[in-house]
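Sequence lines set the chain letters: A, B, ... in the order given, protein chains first and strands last, and positions in each chain run from 1. Only a predicted model underlies this, so the values are computations on that prediction, with no experimental measurement involved.
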4 protein chains.
Amino acid sequence: MVKKPAPDTTRRSEKSRRAIYAAALALVGEVGYPKTTVEGIAARAGVGKQTIYRWWGSKADVLLEAFLDLGEQAAQAAGQEPYAIPDTGDLAADLKAVLRATVDELLDPRFEAPARALAAEGLVNDQLGREFVTKLLEPQLQLYVDRLRSAQDTGAVRPDADPRIALELFVSPLTQRWLQRTAPVSHAYTDTLVDYALYGLAPR
Amino acid sequence: MVKKPAPDTTRRSEKSRRAIYAAALALVGEVGYPKTTVEGIAARAGVGKQTIYRWWGSKADVLLEAFLDLGEQAAQAAGQEPYAIPDTGDLAADLKAVLRATVDELLDPRFEAPARALAAEGLVNDQLGREFVTKLLEPQLQLYVDRLRSAQDTGAVRPDADPRIALELFVSPLTQRWLQRTAPVSHAYTDTLVDYALYGLAPR
Amino acid sequence: MVKKPAPDTTRRSEKSRRAIYAAALALVGEVGYPKTTVEGIAARAGVGKQTIYRWWGSKADVLLEAFLDLGEQAAQAAGQEPYAIPDTGDLAADLKAVLRATVDELLDPRFEAPARALAAEGLVNDQLGREFVTKLLEPQLQLYVDRLRSAQDTGAVRPDADPRIALELFVSPLTQRWLQRTAPVSHAYTDTLVDYALYGLAPR
Amino acid sequence: MVKKPAPDTTRRSEKSRRAIYAAALALVGEVGYPKTTVEGIAARAGVGKQTIYRWWGSKADVLLEAFLDLGEQAAQAAGQEPYAIPDTGDLAADLKAVLRATVDELLDPRFEAPARALAAEGLVNDQLGREFVTKLLEPQLQLYVDRLRSAQDTGAVRPDADPRIALELFVSPLTQRWLQRTAPVSHAYTDTLVDYALYGLAPR
DNA sequence: ATGTAATCGAGACGGTACGTCCCGTCTTTTC
DNA sequence: GAAAAGACGGGACGTACCGTCTCGATTACAT
């Protein structure tokens, strides 16, 4: 197998990289992912196609990095953002707060188009799906695992519950509603999810 | 606006339709959705491209119909299938049974590739997403709504719980694990989901 | 070896073919052969690139056919063209007349650019060179062979002279001057060539 | 207009220049002129592309210089070569001898590829054509002019013949046969050319 | 039983985008 | 300050499919 020689990262044009990120995100937002083309990104970024192919393997790769970068930018802009779920002692309140923030983010049009596109591509493209999950999804989910573990310590959650599964009770429904547009998402909705998940559907 | 005259359905070639379904499903399984092309389907089905464009609007449409047809075929083959969730009086048992069957289906390679492809396309293509949800997803979910309503009548589920949200506690996690491959799905997993959803994460 | 299936000639678009010929000749004339691109020809002809690649293997092939067609058009337009060198009995006069006509043609800008381009490409591209020679050059030269043979019958040319070589004495110098622009060509020049060739450089 | 400052010739790397010549000639011989690229020459010569663009304007320029250099090398290697046509008093014999040597050179594969490539490029590229003719062709032809002038002094050639045209009678046919491959070249062929040119085609 | 109109397999067509190859320029580091 | 290295913006390559458009050949209905 002939591996093409890796390009020299130290010579890379930062300006072009930023322009490519911006163009990719803009195009996905404006014309949608399927109509976003490498050629279009290059033209919009004022860049040669080869500059894209030199550093990325596909438009999906570009978009993933652009999206990760967007997340970092937003994080920095928001000041030192916690990267942890608050722990006020009131689990229900903490989860509801975080999920409300998540809802707001999901409804932000700047995030929506690329996030949806990446999720879709990840379903069908194994390699990208793997990256999407490990780089974006898992770190988020881990925060819930941590908070639930803490709740188990204080007795707010049953000690035998598997936190990795438990978090799915409120996270997955939200994700699915948003991705598949089966129904609108709202703060009331996520509040309800938390209540159902914590206290069960069966009468107490 | 000139609407193209609807073709004469009575003259439609049943043989071609079936060949197109078969070719579409086979190709999606073999080379994946993105590499499946209308041209490829036509060639494999021994059919002119126009025959596809005459009856469907895109490869996604073809695949959706092919998949619906596949479902019907499977249903008929399986004899009278319930199209309802059993109601033995034991809600937990009934849900676990249905979800176990669902897991088995999701792991069937014949279903996996096209289902995943359609889900992915639906995320990014509004019109198809809508159809996917209404024709495939909603009917399934409605069965859970019905069963949960019945459970509310018998007092097994709190009367104030919204069944449409309640079902998401166990259905969405399964869907997401399967679609995004965040973790493997199994009978044990869905059993756990049902328990958590019914009895809550908080200690009783 | 996988030979791609020959396209169906009967379905070929005559209009596109003509448009491609016209575009190719125009572009070679306007921007020169090296800057003439398949893409440019397609755009100018209002044709998809594939339509060119379906019927020709390269821009050189296109130009060769376009040029042959141009010759046929011109021939038809000129009414019954001779396709033979006149035979008035006066060999010198006949050759001078034909060569003067050739000079006029070589100086016609409509012929010059494509002819020069094809000659150049033929030097470096064996396959095209072969075609250029057999389809364009040889038929022309054969006319001289015929006329010289006739001259040998009447005693105007030595019977032991090889006509195929003899004709080169006046044809090749003209060709080379024109192609390589070593010196201008004119009626006087070709007249001189005929005289030198017939009567020799040595004193009589 | 800003003319780029001429680089400092005294600092030029002789080693690189030689390597570039060698690479250019080798590549033209191996893959042909059209597939010979500046990038390829640079890589093969172990040289940066800029080093080529600093000293030459195009691959044609490089090849022309490389070819001229090759000629000088060959000349030096062959010992002090005459750079004049021998003058034994027998014009026919002298011309035949020189033309036989020329035939040998034309058939030498080391000369063939680059010479043909340069001739072809010259047909289509005015500037290079001009250089090719003045630097390579004309000096050669001038030798014939000189020898024919001398022959006119001794009465072996008619005094009113224009030597510049006369030489074309035997030189151009040879050139054309070789370049356009209309027919093979050989010693017998050039001998015949000389005879025909000197004594004419008409019976004496 | 025949005429006729629509579907069918086939595939050429005008296009768009692909991913690759080079162009000629520019920048960085080394000698 | 030339040289090796190679990233850059750009343009064209030749290919793959798109969705539309003719072509006969077939087919199934209305006469």
Side-chain angles (χ1 to χ4, degrees), chain A residues 4-5 7-13 15-16 19 35-43 45-55 57-59, chain B residues 4-5 7-13 15-16 19 35-43 45-55 57-59, chain C residues 4-5 7-13 15-16 19 35-43 45-55 57-59, chain D residues 4-5 7-13 15-17 19 35-40 42-43 45-55 57-59:
Chain A
K4 75 183 63 176
D8 182 343
T9 325
T10 66
R11 298 242 160 132
R12 182 164 186 185
S13 162
K15 209 177 81 183
S16 295
K35 289 197 163 170
T36 295
T37 66
V38 172
E39 215 147 59
I41 296 171
V47 139
K49 278 204 286 179
Q50 197 55 48
T51 298
I52 295 183
Y53 285 110
R54 185 157 26 233
W55 302 109
S58 65
K59 70 169 171 173
Chain B
K4 75 183 63 173
D8 182 342
T9 326
T10 66
R11 300 210 156 190
R12 183 166 186 183
S13 161
K15 209 179 79 183
S16 294
K35 288 195 162 172
T36 296
T37 66
V38 172
E39 218 142 294
I41 295 171
V47 138
K49 280 203 291 178
Q50 193 65 322
T51 301
I52 294 183
Y53 285 112
R54 187 159 22 237
W55 302 108
S58 65
K59 70 168 170 174
Chain C
K4 74 183 61 174
D8 182 342
T9 325
T10 66
R11 299 242 161 132
R12 183 165 184 182
S13 163
K15 210 177 78 184
S16 294
K35 288 196 164 170
T36 296
T37 65
V38 173
E39 214 147 63
I41 295 171
V47 139
K49 278 203 287 179
Q50 198 56 47
T51 299
I52 294 184
Y53 285 111
R54 184 155 30 232
W55 303 109
S58 65
K59 70 169 171 172
Chain D
K4 75 183 63 173
D8 183 342
T9 325
T10 65
R11 298 208 160 197
R12 185 167 184 182
S13 160
K15 208 178 79 183
S16 294
R17 210 194 53 183
K35 289 194 163 173
T36 297
T37 65
V38 172
E39 219 145 49
V47 137
K49 282 202 288 177
Q50 196 55 41
T51 301
I52 294 183
Y53 285 112
R54 185 156 27 234
W55 303 109
S58 66
K59 70 168 171 173

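- Nucleic acid contact for A:T10: none, since no nucleic acid atom lies under 4.0 Å from a heavy atom of the residue.
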message: What does the B/S/- profile of nucleotides 11-16 of chain F look like, 5' to 3', with a 4.0 Å heavy-atom cutoff to protein?
response: -BBBBB
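- Under the rule for a side chain to side chain contact (heavy atoms under 4.5 Å, CB included), the partners of A:S58 that lie at least two apart in sequence or sit in another chain are A:A60, A:D61.
- Taking each heavy atom of B:W55 and B:T9 in turn, the nearest pair found is CH2-CA, 4.0 Å.
- F:dA4 atom P lies 14 Å from atom CZ of D:R17, rounded to whole Å.
- Judged as a side chain to side chain donor-acceptor pair (under 3.5 Å), and not counting sequence neighbours, the contacts of D:T10 are D:D8.
- Where B:G46 and C:S16 meet DNA chain E, the nucleotide closest to each residue was compared, and B:G46 sits on the side nearer the 5' end.
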field: Contact letters for nucleotides 2-7 of chain E, in which S counts primed atoms plus P, OP1 and OP2 and B counts the base, heavy atoms under 4.0 Å
entry: ---BBS
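- When the P atom of E:dA10 is taken as reference, atom CD1 of B:I52 falls 12 Å away, rounded to whole Å.
- For B:T51, the side chain to side chain donor-acceptor pair (under 3.5 Å) test picks out no residue, with sequence neighbours left out.
- Applying the salt bridge (charged side-chain N to carboxylate O under 4.0 Å, His left out) criterion to A:K49, with sequence neighbours excluded, gives A:E39.
- D:Q50 CD to D:I52 CD1: the interatomic distance, rounded to the nearest 0.5 Å, is 10.0 Å.
- Of all the heavy atoms in C:V38 and C:K59, the pair that sits closest is CG2-CB, 3.9 Å.
- Nearest heavy-atom pair, C:A19 versus C:A45, reported as atom, atom and distance to 0.1 Å: O-CB, 3.5 Å.
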